[in-house]
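Below is one structure; the comments refer to it alone.
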Amino acid sequence: MQLFIKQRVFSWSDTYDIYDEQGNQKYFVKNELISLGHRLHVYDAAHNEIGFIKQKLFCLLPTFEIEWKGQLMGRIEQRFSLFRPKYDVDFMGWRAEGDFMGWDYDVYEACSVAVHVHKKILSWGDTYAIEFEDPKNEIPALLLVLAIDAANCSKNND
């Protein structure tokens with residue numbers, strides 16, 4: 001199964017549309033326009049909030065908390081690294097490895113890949129694909145990928 005993330009180019013704040021494999025809009029994401037740090041609200045197509053990602057302030061490196069179903073489910077924290085970003089993931093027992101800036105990384109559950117993320121090359125605008133086998137991983141994978149993207153953006157803006 002796949003989801004595709006497309007960032008809206010002409011928007012006042014970080015706004016994303018998420019599509020399924022058939023091209024139907026399934027979710028959308030809006031960043032609060034006026035806030036300290038990133039605060040991303042994730043909605044389903046019926047405009048129900050399904051997740052929330054917020055940046056913890058006053059941290060040395062970007063740190064984000066992930067809420068799902070109204071509960072704090074975990075967080076990601078960027079580790080110090082000289083050449084490319086690395087993350088400590090405390091979410092669903094997962095760990096992430098790969099090229100985060102190049103949008104080519106895997107999320108592992110135990111010893112097997114639960115989610116693969118990569119940039120789609122031939123597409124109109126930037127499009128990122130999230131691939132997963134288990135349907136129960138759809139929303140958690142989306143939330144984690146958005147948190148990693150927000151951490152990358154935060155680090156680049158420092």
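Scope of the values below: all heavy atoms of this structure, side chains included, with no hydrogens, waters or symmetry mates.
Between W94 and F91, the ring planes lie perpendicular to each other; the angle is over 60°, past the 30° to 60° tilted range.
At least one side-chain heavy atom of Y87 sits under 4.5 Å from a side-chain heavy atom of N152. Residues K56 and E77 have side chains not in contact (no heavy-atom distance under 4.5 Å, counting atoms from C-beta outward). The side-chain heavy atoms of V42 and W68, taken from C-beta on, include no pair separated by under 4.5 Å. For the pair Q78/F100, no side-chain contact is recorded, criterion being any heavy-atom separation below 4.5 Å from C-beta on. Proximity of L144 to V115: side-chain heavy atoms (C-beta onward) are nowhere separated by under 4.5 Å.
Remark: side-chain polar atoms of N31 are paired, donor with acceptor, to backbone N or O of R39 under 3.5 angstrom. Under the 3.5 Å distance criterion, the side-chain polar atoms of N137 are left unmatched by any main-chain donor or acceptor of A141.
Side-chain atoms of Y16 and D149 form a donor-acceptor pair, as typed in the model, at a separation below 3.5 Å. Side chain to side chain, H116 and D106 meet the donor-acceptor criterion of an N or O pair below 3.5 Å.
Shown here is E133, whose CD atom has no more than 12 heavy atoms of other residues, nucleotides or ligands within 6.0 Å.
The residues K6 and D17 are annotated as not salt-bridged, no charged nitrogen and carboxylate oxygen being separated by less than 4.0 angstrom.
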Stepwise, does the salt bridge (charged side-chain N to carboxylate O under 4.0 Å, His left out) test hold for R75 with D90?
CA-CA 5 Å; R75 68 186 212 153; D90 180 15; 5.3 Å; no
